[in-house]
Amino acid sequence: QVQLVESGGGLVQAGGSLRLSCAASGRTFSVGAMAWFRQAPGKEREFVATISRGGSTTMSADSVKGRFTISRDNAKATVYLQMNNMKPEDTAVYYCAATPNSGLYMLASGYDYWGQGTQVTVSS
């Protein structure tokens, strides 16, 4: 089993920045790709970004390209999401996800492990 714990959420003004962290524990040697998803009130959970096991390959949603950057530090078993030039529409609960597989997935069904989520609120 793998446990994921997110941190770094909070309130930020439009145009500001936040960095989310997600620390993995347990059988971290089995973790392959990791990802960030988000869910706004009344909306379905949506893909934000994913990163390969070694960190060399990433994919991100069109809505965050050029603004958000995903990265990971395998020595610390942690994945990050640097969010810049934030917009009110970025307001959501952000979830970290992980899979034992090496492929990158944009669907939530591709991930086996999930964190509890961290709230991000962007004020206009």
Can you name the closest pair of heavy atoms from Pro88 and Ser124 and give their distance?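 Scanning both residues, the minimum pair turns out to be CG-CB, 3.9 Å.
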Nearest heavy atoms of Val93 and Gly117, plus distance in Å: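 Result for this residue pair: CG1-CA, 3.8 Å.
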Less than 4.0 Å between a side-chain N and a carboxylate O, is that true for Asp62 and Lys65?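 Counted as a salt bridge, because a side-chain N and a carboxylate O are separated by less than 4.0 Å.
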Any side-chain heavy atom of [X] within less than 4.5 Å of one from [Y]?
X	Y	answer
Thr118	Leu20	yes
Ser17	Gln82	yes
Gln119	Leu11	no
Met34	Thr50	no
Thr58	Ser52	no
Ser60	Trp36	no
Cys96	Tyr113	no
Ser63	Arg38	yes

Donor-acceptor check, side chain of [X] to backbone of [Y], threshold 3.5 angstrom: yes or no?
X	Y	value
Arg67	Asn85	yes
Thr28	Ser25	no
Thr121	Thr91	no
Arg53	Pro100	yes

Is it possible for you to check whether Arg72 lies under 6.0 Å from the centre of the six-membered ring of Tyr80, through NZ or CZ, and within 45° of that ring's axis?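 Cation-pi check for Arg72 and Tyr80: fails.
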Ring of Tyr95, cation from Arg45 - is the NZ or CZ under 6.0 Å from the centre and inside 45° of the axis?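 Here Arg45 passes the 6.0 Å and 45° test against Tyr95.
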Is the centre of the Tyr111 ring less than 6.0 Å from the centre of the Phe37 ring?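 That pair passes the under 6.0 Å test.
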